[in-house]
Each structure stands twice: as C-alpha cells, then as structure tokens.
Protein chains: 2
Amino acid sequence: MQDVARAVGVSPMTVSRAFRNDASVSDKTREAVRQAAEAMGYVFDSTASTLRSQRTGFVAVTIPSINNANFAETVRGLSEALKPQGLQILLGTTDYDIQNEEELIEQLLRRRPEAIVVTGGKHTERARRLLENAAIPVIETWDLPDRPLGHVVGFSNAAAVGMTVDHLVAHGATRIAFIGGDADRDTRGTDRRLGFIAAMQRHGLDATRLIAAGAPPISMREGARAMARLLETLPDTQAVICVSDLSAFGSLSECQRRGVAVPGQIAIAGFGDYEIAGTCVPALTTVNPFPHEIGRRAAEVIAAALATPGLPPQRAAITPGLIARDSTG
Amino acid sequence: MQDVARAVGVSPMTVSRAFRNDASVSDKTREAVRQAAEAMGYVFDSTASTLRSQRTGFVAVTIPSINNANFAETVRGLSEALKPQGLQILLGTTDYDIQNEEELIEQLLRRRPEAIVVTGGKHTERARRLLENAAIPVIETWDLPDRPLGHVVGFSNAAAVGMTVDHLVAHGATRIAFIGGDADRDTRGTDRRLGFIAAMQRHGLDATRLIAAGAPPISMREGARAMARLLETLPDTQAVICVSDLSAFGSLSECQRRGVAVPGQIAIAGFGDYEIAGTCVPALTTVNPFPHEIGRRAAEVIAAALATPGLPPQRAAITPGLIARDSTG
DNA sequence: GGGGCTGATGTTATCGTTCCCGTCGACTGA
DNA sequence: TCAGTCGACGGGAACGATAACATCAGCCCC
C-alpha cells in the first residue's frame with residue numbers, strides 16, 4: 001500500500017480510504033489510486049484490515065455434506081443475501097457427525113467470523129460452549145430445537161413427515177412403511193422417523209414397518225435395497241415414506257425393475273422436493289422444506305443481529321409444503 | 001493470549017508455542033496452557049497469526065455451482081487431501097460466468113490463499129493477470145487448456161464425448177443427436193458439443209442434429225423439453241448424447257411419458273456418472289470423469305508446489321471412463 | 001473580518017500474533 | 001571442575017492495514 005501511495009503521491013491512509021470507498025476522498029484521487037494499484041498488480045490485503053478493524057467479513061456456515069442439493073440451496077440462499085452486505089461465506093462440512101462439527105466450529109471460530117450458521121440443533125456440549133462464548137450471532141437451521149443457542153430458522157422434520165402420513169391416510173392407506181438410515185447420526189433423518197411413528201400412532205395405525213437401510217445419509221442405492229427388503233418381508237405394504245427423495249427414487253426404480261406398479265401396488269413418498277421428484281415417472285409426492293428460503297431468512301437474521309447488537313433471539317418457523325404427485329395416486 | 005499467559009504464569013510467547021505444537025515447550029506447560037485456555041474460553045485468533053506469519057492456511061477454490069454433484073465431489077476430494085496438510089478450503093461459486101469468476105478471484109486473493117484451484121481453463125484477461133501476479137500455485141481443473149496458467153489436473157471434455165460417439169457407432173447407430181445448452185456460457189458444455197461434432201465428422205456422419213435447450217447448465221427439466229423437441233422434429237434419430245446425466249435423465253423420463261422405448265426406439269447416453277445414472281431404469285450409459293480423483297490430484301499438486309517453490313507446471317491428464325449401461329442397448 | 005463549518009488529507013498508535021535473537025539452568029564428558 | 005551443548009522460555013519489533021484524532025485550505029454568512 002505504501003508503494004501505491006508513493007506512486008500516486010499521497011499517504012497510505014488515503015490509499016486505504018480509496019479502497020474502502022470511504023466518503024472523504026476526492027474522485028480524482030480515488031481514480032488515480034485505483035489505476036496505480038491495477039498497474040502495479042497490487043491486491044488489497046484483507047488479513048491486515050481484519051486485524052485492525054476487527055471485521056473479517058466472514059460468515060461461517062456448517063452443513064452436513066456439500067453433495068446435497070437441499071443444503072446447497074440453503075448455502076446459495078445465504079450467499080446471495082449476504083453478498084450485498086459485503087459478507088462472504090466460510091463453508092465447512094461435518095459429514096453428519098457432531099464430533100466433526102465440534103472440531104469444525106473451533107476451526108471456523110479461529111477465523112473470527114461475524115456470525116455462524118449451523119445445520120441442526122444437536123451439538124456436543126463443548127460445541128455449545130464454543131458458540132456461546134463466541135459472542136457473535138448464532139443461527140441454527142433445518143430444525144426447531146427445544147434449547148436453541150440463539151436464533152433459529154427452520155422447520156419441524158417430524159411435522160413434515162406427519163403431513164405426508166396424513167396425505168397417505170386420506171388416500172386410504174393404512175399399512176404404511178418408513179425407509180430411513182439405521183443409526184441416529186443424521187439427526188434430521190431420525191426426527192423424520194420419529195415423526196412418522198408419532199403420526200401413525202395419532203391415526204391409530206401400526207408404526208412398526210420401519211426399514212433401516214444402512215449408515216445415513218442413505219441415498220438412491222440404499223433406497224433401492226431397502227425397497228427390495230420391504231417387498232420381500234412385508235409384501236402387503238400399501239405405501240412407503242422415504243427419508244428423502246433420493247431414497248424414494250431408488251425405491252421407485254427397484255419397483256420398476258421388479259414390475260411392481262407405483263402407485264397401483266405401492267405408493268411412494270419422499271422428502272426434500274429435489275428436482276428428480278418432479279421429473280421421474282411417476283413423479284414423486286414429496287415435501288418441500290424451502291431450503292433456499294431458509295438461507296435467505298438466515299441472512300436476514302444475520303443482518304438484523306449485526307445492526308442491532310442486543311437483538312433478542314429470533315425464531316423463524318418455516319412451514320414445509322406437501323407436494324402431492326402421481327406416485328401416491 | 002496475554003490473559004492465558006498470566007493465568008499459567010508464562011510469557012505470551014510460550015502460549016503461542018504451545019498452541020502451535022512447537023517443539024520446545026515442555027509437555028507439562030503445553031497441557032497447562034491448553035487447560036487454562038479452555039477454562040477461560042480463549043479461542044486462538046488466526047487473523048493475527050496470519051498477518052505475522054504470512055500463512056493463512058487457505059486454499060481458494062472456485063466452482064461454477066455448489067449445487068452439482070460432480071463439482072461437489074471434486075471439492076470433497078480436495079478437502080479430504082488438504083485437511084492433513086492443515087489447509088482449509090475457501091470456496092466461491094461463479095455461476096458459470098467468467099465475469100463473475102474474475103470478481104470472485106479478486107475477492108479470494110484478498111484473503112491471501114496459499115494456492116488457488118479454478119474450474120476450467122477459460123478466464124478473462126484480468127483474471128489471468130490477477131492469477132499470474134498472485135505468486136501462488138494456480139491449478140486449473142476439469143479441462144486441459146492450451147494455454148495453462150500454471151498446473152493442470154483435468155481431462156478433455158471433447159474426447160470424453162468422442163468416446164460416447166464411438167460406443168454408439170459401434171452399436172450400429174448413425175443418426176445421432178446431441179442435447180446441450182444454447183449458449184457458450186458453460187465452457188465445458190460447449191467443449192462437449194464441439195467434441196460431438198468432431199467425432200461424428202471423424203466417422204463420416206451427419207453432425208447437425210443439435211438440440212439447444214436453454215441457458216446452461218441445463219438440467220432435468222430442460223433435458224425433458226429438449227427430448228420432446230427432438231422426437232417431434234427429428235423422429236428418425238437413433239441415439240442421443242446429452243451434455244450431462246441430469247439432462248439425460250430428463251430425456252429418459254420424457255420418453256417414458258410418451259411411451260418411447262429406451263433403448264429400443266432411441267438410445268440415450270449422458271455424462272458425469274451421477275448416482276442417478278446407475279439407479280434409473282434403464283440405467284444410463286455415461287462417462288465418469290473421476291471428479292473426486294481430480295480433487296485429490298489437485299491437492300497433491302498443491303502439496304508438491306508448496307514444498308518445492310520452483311516446481312515446473314504439472315499437467316495431470318485424467319482419462320475418463322465410459323460406462324456402458326442398458327440405455328444404449 | 002472572524003468564527004464556524006466542511007471536505008480532503010496526514011500522523012500516530014494499535015489490532016494479536018510470530019520472528020528473531022537472547023538468556024538461563026541443567027546435563028555431559030573429559 | 002568447567003567448557004560445550006541443549007531444551008525451555010522471554011523481550012522487543014514487526015506483519016499491513018485502520019481507528020482516532022489532528023491539520024489545513026476554502027467557503028459561507030452575519
């Protein structure tokens with residue numbers, strides 16, 4: 001910066017102001033600085049700026065996996081809404097493991113983000129302490145935790161599956177199964193399974209047709225295997241709810257391979273409204289949790305919290321939308 | 001750090017060393033420092049460390065979209081291989097636009113990454129200048145550029161589609177179409193279209209059956225629409241190659257809706273070996289570009305370049321694998 | 001004409017670490 | 001016993017920007 005200042009014939013302070021689009025620099029000086037910097041190949045150094053100003057411009061975000069269209073949409077919604085605020089996303093993945101999440105959160109906090117967005121409401125005790133001590137806005141998403149750490153932008157996974165159960169029951173199904181992962185590592189998947197059981201019991205129906213299909217998150221392949229097992233062990237099942245559209249599509253493909261009519265012999269519903277659900281034949285009934293909207297709303301909460309330091313914890317409950325399609329008649 | 005030092009009764013320098021796992025600190029002192037820090041809720045500040053040591057621990061990565069399983073796999077491969085080296089990914093998306101890429105690259109370079117990985121080999125002139133001036137290892141991926149900026153870990157998109165053409169021709173097809181986007185924004189999609197034309201001409205076949213299906217990247221929906229158009233305008237087409245598996249699946253679903261037999265009446269091939277290609281019925285013939293491997297290899301190049309400052313530009317050409325499945329007979 | 005104001009710029013100290021160099025005590029071997 | 005070596009630790013300066021305050025010319029208005 002000194003070199004640029006020398007070249008233009010001003011002080012480093014003026015160069016600094018020119019780069020920040022600060023008010024009191026004349027347009028002529030600003031332009032001269034920009035040109036000199038461009039010619040010299042100077043690129044502004046955020047790391048030093050960060051130290052003195054105590055503003056990193058980072059918002060830390062943790063998601064279970066980058067390879068998931070739903071979480072990707074949330075990140076995109078966040079990113080779009082944070083960019084105009086001059087905030088950049090620092091992304092990390094937990095691989096669906098709260099122990100990894102703890103380590104990741106510490107790594108991210110070392111970078112001094114101005115806010116942090118985490119997926120889910122379940123964390124290790126140390127992770128909770130780290131987040132509470134960080135003295136920055138914390139937003140939990142994709143869940144409605146009982147004991148929130150700060151702000152919340154999410155929905156009830158259990159209620160979302162409850163809507164699907166209601167839909168199937170309204171269409172006359174009584175023998176309904178649930179396909180999901182076989183461990184509680186994916187906490188949202190677990191919530192959906194519990195939501196299934198609760199809704200079935202609410203309808204006075206048998207809630208024991210549970211197919212566990214391997215380590216979560218289960219995908220198309222595991223969905224297909226689970227459907228094979230379901231058709232063999234519980235052939236009188238009328239409908240099945242899958243933990244996500246990916247496993248639902250896997251289930252559908254298995255039915256096609258076996259010549260089982262969908263929805264004639266068995267109805268299939270998924271979760272997430274992935275693009276495939278609206279494209280495949282028959283199109284899949286699913287629930288849209290509005291992942292992009294979650295990201296957008298989370299960014300709004302961040303903006304509000306940074307503008308108003310003492311802002312009380314916000315709680316934005318999003319209502320997922322049931323999308324009835326051909327796969328459930 | 002001073003507070004921690006006072007609490008333990010040592011100098012800040014010793015605390016610093018303890019946190020860096022530096023050699024000359026006794027185990028006892030190190031443990032005392034860790035405990036005091038944990039108790040006081042102190043979290044190491046990378047921003048200051050970065051400034052003094054001139055090491056950020058960042059590797060910048062640009063991808064066209066976060067919502068794409070192929071690029072996500074590359075990021076995962078990078079991330080897994082960089083973590084043991086103490087390097088963290090700073091991710092940005094270009095939305096398939098080299099103007100956005102230029103802006104993004106500048107933003108990222110301000111953070112002083114130790115290396116930068118970009119997707120593709122086409123950039124604006126200013127982006128090229130920025131990358132050349134940055135004096136850090138640059139790795140271009142997902143392409144084999146003629147005029148590389150530095151290191152390359154990629155494959156020929158044109159050759160990959162050429163393999164698919166050869167496969168279809170070997171199965172007796174002569175009237176072959178290509179479905180892709182209608183603009184050159186997605187440079188890899190464009191390369192695949194050009195590769196299709198070149199391969200068809202090499203076989204002495206008509207290379208004019210090109211369906212343009214909207215702004216790239218085209219997805220399932222656009223693939224379905226494109227197939228509808230193809231079936232209406234060129235009904236004697238025997239086989240179609242889609243720019244990706246997503247549009248290929250959309251095409252397949254359109255055939256299913258119309259009762260067109262795949263591969264009986266028309267064969268379909270895609271690109272990318274997305275999970276759906278192996279799951280759907282019939283399973284899709286596709287090409288696997290080994291995206292995870294690209295990420296892993298790129299991380300290896302980074303490690304080598306950081307260890308050996310004068311390292312000559314590396315060029316790792318990956319050979320994509322054709323995966324013949326039922327959709328092409 | 002002088003006090004007050006405004007816009008453009010400069011000076012000094014500082015953000016929280018780490019580099020560089022130095023100190024000090026303990027141990028070792030002849 | 002003592003020079004030499006080594007491991008553990010401390011003091012001061014510096015990384016590259018910016019916050020806070022100071023300066024100064026020009027202008028306005030009574």
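Values in this document were obtained by computation on a predicted structure and should not be read as measured data. In what follows, chains carry the letters A, B, and so on, assigned in the order in which the sequence lines appear, proteins first and then strands, with residues in each chain numbered from 1.
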Q) Hey, are A:Gln54 and A:Arg112 close enough side-chain-wise for a donor-acceptor pair under 3.5 Å? A) no
Q.
Output one letter per nucleotide in nucleotides 9-17 of chain C: B when a protein non-hydrogen atom lies under 4.0 Å from the base, S when only the sugar-phosphate is that close, - when neither is.
A. BBB-BBBBB
Q: Using five pairs at either end of the helix from C:dG1-D:dC30 to C:dA30-D:dT1, determine the angle between the two local helix axes and round it to 10 degrees.
A: 30°
(Q) If I take atom CZ in residue A:Arg30 and atom C1' in nucleotide C:dG7, what distance separates them, rounded to the nearest angstrom? (A) 13 Å
Q. Got a sec, which residues hit side-chain contact (heavy atoms from CB on, under 4.5 Å) with B:Ala32, two or more places apart in sequence or on another chain?
A. B:Val8
Q | Neighbour count >12 (heavy atoms, 6.0 Å) for atom CZ, A:Arg20 | A | yes
Q: Indicate yes or no: does B:Asp191 engage B:Arg188 in a salt bridge with an N to O separation below 4.0 Å.
A: no
Q) Roughly, in whole Å, what's the span from CG in A:Asp27 to C1' in C:dG7? A) 12 Å
**Q.** Of all pairs that satisfy salt bridge (charged side-chain N to carboxylate O under 4.0 Å, His left out), the ones with a partner from residues 298-310 of chain A, not counting sequence neighbours
**A.** A:Arg296-A:Glu300
(Q) Taking side chain to side chain donor-acceptor pair (under 3.5 Å) as the cut-off, I'd like each qualifying pair that reaches into residues 306-316 of chain A, sequence neighbours left out, listed once. (A) none
Q. Taking 4.0 angstrom as the limit, do B:Glu38 and B:Arg34 come out as a salt bridge?
A. no
Q: Please identify each residue that fulfils side-chain contact (heavy atoms from CB on, under 4.5 Å) with B:Asp97, with sequence neighbours left out.
A: B:Gln99, B:Asn100
